[in-house]
Amino acid sequence: MERPRFLCDRMLGRLCRKLRLLGFDAALNGEGEAGRFLLRAAREGRIAVTAARRADDRPGPAPVVLRTAGAVEQLAELFAAIGGAPSLEPFTRCIECNEFLVEEPAAAAAGRVPPLVAKRFDRFHRCPACDRIYWEGSHFEAMTREVERIRRALGEQ
(Lines give C-alpha, C1' and ligand atoms only; values in the text may rest on other atoms or scores of the structure.)
Protein backbone atom coordinates (compact mmCIF):
# COMPACT_ATOMS: atom_id res chain seq x y z
CA MET A 1 0.00 0.00 0.00
CA GLU A 2 1.30 3.45 -0.91
CA ARG A 3 1.89 5.83 1.99
CA PRO A 4 -0.64 8.64 2.13
CA ARG A 5 0.45 12.12 1.11
CA PHE A 6 -1.22 15.15 2.67
CA LEU A 7 -2.01 18.75 1.79
CA CYS A 8 -2.83 20.82 4.85
CA ASP A 9 -4.57 24.15 4.62
CA ARG A 10 -2.94 27.25 6.15
CA MET A 11 -4.78 26.77 9.46
CA LEU A 12 -2.97 23.47 10.02
CA GLY A 13 0.70 24.45 9.84
CA ARG A 14 1.47 22.81 13.18
CA LEU A 15 -0.18 19.56 12.09
CA CYS A 16 1.77 19.68 8.83
CA ARG A 17 5.07 19.86 10.76
CA LYS A 18 4.00 16.94 13.00
CA LEU A 19 3.19 14.84 9.93
CA ARG A 20 6.66 15.59 8.55
CA LEU A 21 8.22 14.74 11.92
CA LEU A 22 6.50 11.35 11.66
CA GLY A 23 7.85 10.78 8.14
CA PHE A 24 4.83 11.69 6.02
CA ASP A 25 4.89 13.72 2.84
CA ALA A 26 2.91 16.74 4.00
CA ALA A 27 2.65 19.98 2.07
CA LEU A 28 1.19 23.24 3.31
CA ASN A 29 -1.16 25.05 0.96
CA GLY A 30 0.20 28.39 -0.19
CA GLU A 31 -0.91 31.78 1.04
CA GLY A 32 -3.79 33.02 -1.12
CA GLU A 33 -4.34 29.55 -2.63
CA ALA A 34 -7.43 28.59 -0.61
CA GLY A 35 -9.67 28.59 -3.67
CA ARG A 36 -7.48 25.99 -5.38
CA PHE A 37 -6.77 23.90 -2.27
CA LEU A 38 -8.86 20.86 -3.19
CA LEU A 39 -7.88 20.98 -6.85
CA ARG A 40 -4.19 21.04 -5.90
CA ALA A 41 -4.66 18.06 -3.57
CA ALA A 42 -6.34 16.07 -6.36
CA ARG A 43 -3.71 17.07 -8.94
CA GLU A 44 -0.84 16.06 -6.62
CA GLY A 45 -2.48 12.87 -5.33
CA ARG A 46 -2.70 14.19 -1.78
CA ILE A 47 -5.35 13.92 0.91
CA ALA A 48 -6.70 17.40 1.57
CA VAL A 49 -6.88 18.21 5.28
CA THR A 50 -8.63 21.28 6.65
CA ALA A 51 -10.22 22.67 9.78
CA ALA A 52 -12.62 24.83 7.75
CA ARG A 53 -16.23 23.90 8.45
CA ARG A 54 -17.35 25.14 5.03
CA ALA A 55 -14.86 23.16 2.97
CA ASP A 56 -17.57 21.84 0.66
CA ASP A 57 -17.87 25.20 -1.09
CA ARG A 58 -14.55 24.70 -2.92
CA PRO A 59 -14.11 22.85 -6.20
CA GLY A 60 -12.54 19.38 -6.02
CA PRO A 61 -12.92 16.18 -4.00
CA ALA A 62 -14.13 16.44 -0.40
CA PRO A 63 -11.37 17.01 2.18
CA VAL A 64 -10.88 15.50 5.61
CA VAL A 65 -12.35 18.13 7.93
CA LEU A 66 -10.82 18.05 11.41
CA ARG A 67 -12.91 19.09 14.40
CA THR A 68 -10.27 18.73 17.14
CA ALA A 69 -7.81 21.42 18.16
CA GLY A 70 -4.56 19.87 19.42
CA ALA A 71 -2.03 18.45 16.95
CA VAL A 72 -1.96 14.98 18.57
CA GLU A 73 -5.76 14.85 18.63
CA GLN A 74 -5.82 16.02 15.01
CA LEU A 75 -3.41 13.24 14.04
CA ALA A 76 -5.66 10.65 15.69
CA GLU A 77 -8.73 12.14 13.99
CA LEU A 78 -7.00 12.29 10.60
CA PHE A 79 -5.73 8.72 10.72
CA ALA A 80 -9.15 7.46 11.87
CA ALA A 81 -10.71 9.25 8.89
CA ILE A 82 -8.36 7.55 6.41
CA GLY A 83 -8.74 4.08 7.89
CA GLY A 84 -6.00 3.92 10.51
CA ALA A 85 -2.48 5.13 11.15
CA PRO A 86 0.13 3.98 8.65
CA SER A 87 3.50 3.02 10.13
CA LEU A 88 5.45 5.99 11.38
CA GLU A 89 8.92 6.76 10.00
CA PRO A 90 10.06 9.57 12.29
CA PHE A 91 13.05 11.79 11.57
CA THR A 92 13.25 10.93 7.86
CA ARG A 93 11.95 14.25 6.43
CA CYS A 94 12.92 17.87 6.80
CA ILE A 95 10.39 19.53 9.08
CA GLU A 96 10.82 22.81 7.20
CA CYS A 97 10.55 21.79 3.56
CA ASN A 98 9.34 18.17 3.51
CA GLU A 99 12.27 16.58 1.62
CA PHE A 100 13.83 13.26 2.65
CA LEU A 101 16.95 13.74 4.75
CA VAL A 102 20.32 12.32 3.69
CA GLU A 103 23.29 11.29 5.83
CA GLU A 104 25.88 14.04 6.10
CA PRO A 105 29.48 13.10 6.90
CA ALA A 106 30.70 14.67 10.14
CA ALA A 107 33.60 16.34 8.31
CA ALA A 108 31.17 18.04 5.90
CA ALA A 109 28.88 19.17 8.73
CA ALA A 110 31.73 20.46 10.92
CA GLY A 111 31.95 23.88 9.30
CA ARG A 112 28.19 24.31 9.22
CA VAL A 113 27.23 23.58 12.83
CA PRO A 114 28.37 25.26 16.06
CA PRO A 115 31.90 24.13 17.06
CA LEU A 116 30.68 22.43 20.25
CA VAL A 117 28.13 20.43 18.25
CA ALA A 118 30.85 19.36 15.79
CA LYS A 119 32.94 18.09 18.72
CA ARG A 120 30.13 16.32 20.58
CA PHE A 121 28.30 14.63 17.69
CA ASP A 122 29.42 12.42 14.85
CA ARG A 123 26.10 11.67 13.15
CA PHE A 124 24.36 14.29 11.03
CA HIS A 125 21.60 14.50 8.44
CA ARG A 126 21.07 17.21 5.84
CA CYS A 127 18.10 18.34 3.82
CA PRO A 128 19.08 18.37 0.14
CA ALA A 129 16.55 21.13 -0.59
CA CYS A 130 17.09 23.75 2.12
CA ASP A 131 20.51 22.51 3.30
CA ARG A 132 19.46 22.47 6.95
CA ILE A 133 21.61 20.21 9.17
CA TYR A 134 20.09 17.95 11.83
CA TRP A 135 21.81 16.15 14.71
CA GLU A 136 20.66 14.21 17.77
CA GLY A 137 21.09 16.89 20.45
CA SER A 138 18.76 17.91 23.26
CA HIS A 139 16.11 19.01 20.74
CA PHE A 140 16.18 15.47 19.32
CA GLU A 141 15.46 14.03 22.78
CA ALA A 142 12.42 16.29 23.13
CA MET A 143 11.23 15.34 19.64
CA THR A 144 11.69 11.64 20.46
CA ARG A 145 9.49 12.07 23.53
CA GLU A 146 6.89 13.79 21.33
CA VAL A 147 6.96 10.90 18.84
CA GLU A 148 6.47 8.42 21.71
CA ARG A 149 3.55 10.49 23.03
CA ILE A 150 1.99 10.40 19.55
CA ARG A 151 2.56 6.64 19.25
CA ARG A 152 0.75 6.10 22.54
CA ALA A 153 -2.12 8.35 21.48
CA LEU A 154 -2.43 6.40 18.22
CA GLY A 155 -2.32 3.07 20.08
CA GLU A 156 1.06 2.01 18.67
CA GLN A 157 3.57 0.05 20.70
Exercise. Does one hydrophobic cluster hold both Ile150 and Ile82, with members joined at side-chain heavy-atom distances below 4.5 Å?
Worked result: yes
For this session: For Glu99, check side chain to side chain donor-acceptor pair (under 3.5 Å) against everything at least two apart and list the hits.
Result: none
For this session: With sequence neighbours excluded, give me every ring pair (Phe, Tyr, Trp, His ring centres under 6.0 Å) pair touching residues 63-88.
Result: Phe24-Phe79
For this session: Is it possible for you to say whether Leu12 and Ile95 belong to one hydrophobic cluster, with membership spreading through side-chain heavy-atom contacts below 4.5 Å?
Result: yes
For this session: Evaluate the side-chain contact (heavy atoms from CB on, under 4.5 Å) criterion for residues Asn29 and Thr50: first the C-alpha distance (whole Å), next the side-chain angles of each, then the deciding distance (0.1 Å), finally the verdict.
Result: CA-CA 10 Å; Asn29 202 44; Thr50 184; over 6 Å; no
Exercise. How far apart are the C-alpha atoms of Thr92 and Glu89, what are their side-chain angles, what is the distance that settles it, and do they pass the side-chain contact (heavy atoms from CB on, under 4.5 Å) test?
Worked result: CA-CA 6 Å; Thr92 56; Glu89 297 173 2; 4.1 Å; yes
Seminar exercise, completed: Minimal heavy-atom distance between Val64 and Ala81, with the atoms involved, is CG1-CB, 3.8 Å
For this session: Return yes when atom CG of Asp131 has more than 12 non-hydrogen atoms of other residues, nucleotides or ligands closer than 6.0 Å, and no otherwise.
Result: yes
For this session: Mind checking the CD-OG1 spacing from Glu141 to Thr144? Nearest 0.5 Å is all I need.
Result: 7.5 Å
For this session: State plainly whether one hydrophobic cluster holds both Leu78 and Leu88, where clusters connect Ile, Leu, Val, Met, Phe, Trp and Tyr through side-chain heavy atoms under 4.5 angstrom apart.
Result: yes
Exercise. Taking the side chain from Arg20 and the backbone from Ala26, do they hold a donor-acceptor pair closer than 3.5 Å?
Worked result: yes
Exercise. At their closest point, which heavy atom of Tyr134 faces which heavy atom of Cys94, and how far apart are they?
Worked result: OH-SG, 3.1 Å
Problem set entry | Leu19 versus Cys8, closest heavy-atom pair with distance | CD1-SG, 4.0 Å
Exercise. Same hydrophobic cluster for Met143 and Phe121, using side-chain heavy-atom links shorter than 4.5 Å among ILVMFWY?
Worked result: no
Exercise. Do Glu146 and Val72 pass the side-chain contact (heavy atoms from CB on, under 4.5 Å) test, and can you show the C-alpha distance, the side-chain angles, and the key distance before you say yes or no?
Worked result: CA-CA 9 Å; Glu146 178 68 2; Val72 175; 3.9 Å; yes
Seminar exercise, completed: Sorted by chain and residue number, the side chain to side chain donor-acceptor pair (under 3.5 Å) partners of Glu96 (sequence neighbours excluded) come out as Arg17, Arg132
Exercise. Under a 4.5 Å cut-off applied to non-hydrogen side-chain atoms, are Leu7 and Leu38 in contact?
Worked result: no
Exercise. Does Leu28 share a hydrophobic cluster with Phe6, counting links as ILVMFWY side-chain heavy atoms below 4.5 Å and allowing steps through other members?
Worked result: no
Exercise. Considering all heavy atoms of both residues, which atom of Ala85 and which atom of Leu154 are nearest to each other, and what is their separation?
Worked result: CB-CD1, 4.2 Å
Problem set entry | Rounded distance [0.5 Å steps], CG in Asp9 versus CZ in Arg40 | 11.5 Å
Exercise. Any donor-acceptor pair under 3.5 Å linking the side chain of Arg126 with the backbone of Glu104?
Worked result: no
Problem set entry | Over 12 foreign heavy atoms within 6.0 Å of CZ, Arg120 | no
Exercise. Given Leu101 and Arg93, is the side-chain contact (heavy atoms from CB on, under 4.5 Å) satisfied, shown in steps?
Worked result: CA-CA 5 Å; Leu101 300 175; Arg93 288 187 173 271; 5.6 Å; no
Problem set entry | Euclidean distance, Asp122 CG relative to Glu136 CD, rounded to 0.5 Å | 9.5 Å
Problem set entry | Shortest non-hydrogen contact from Ala51 toward Met11 | C-CE, 4.0 Å
Problem set entry | Minimum heavy-atom distance between Ala106 and Phe124, given as atom pair plus value | CA-CD1, 3.9 Å
Problem set entry | Verdict with supporting geometry, Arg145 and Glu148, salt bridge (Lys or Arg N to Asp or Glu O under 4.0 Å) | CA-CA 5 Å; Arg145 286 191 299 274; Glu148 290 311 312; over 6 Å; no
Exercise. Can you list the residues that meet the salt bridge (Lys or Arg N to Asp or Glu O under 4.0 Å) rule with Arg14, with sequence neighbours excluded?
Worked result: none
Exercise. With no hydrogens and no angle check, do the side chains of Thr68 and Gln74 hold a donor and an acceptor under 3.5 Å apart?
Worked result: no
Exercise. Can any side-chain N or O of Arg152 pair as donor or acceptor with the backbone N or O of Val147 at less than 3.5 Å?
Worked result: no
Seminar exercise, completed: Across all chains, not counting sequence neighbours, the salt bridge (Lys or Arg N to Asp or Glu O under 4.0 Å) partners of Arg46 are Asp25, Glu44
For this session: Quick one: list whatever passes ring pair (Phe, Tyr, Trp, His ring centres under 6.0 Å) with Phe140, sequence neighbours left out.
Result: Phe91
Problem set entry | SG on Cys16 to CG on Asn98, rounded to 0.5 Å | 6.5 Å
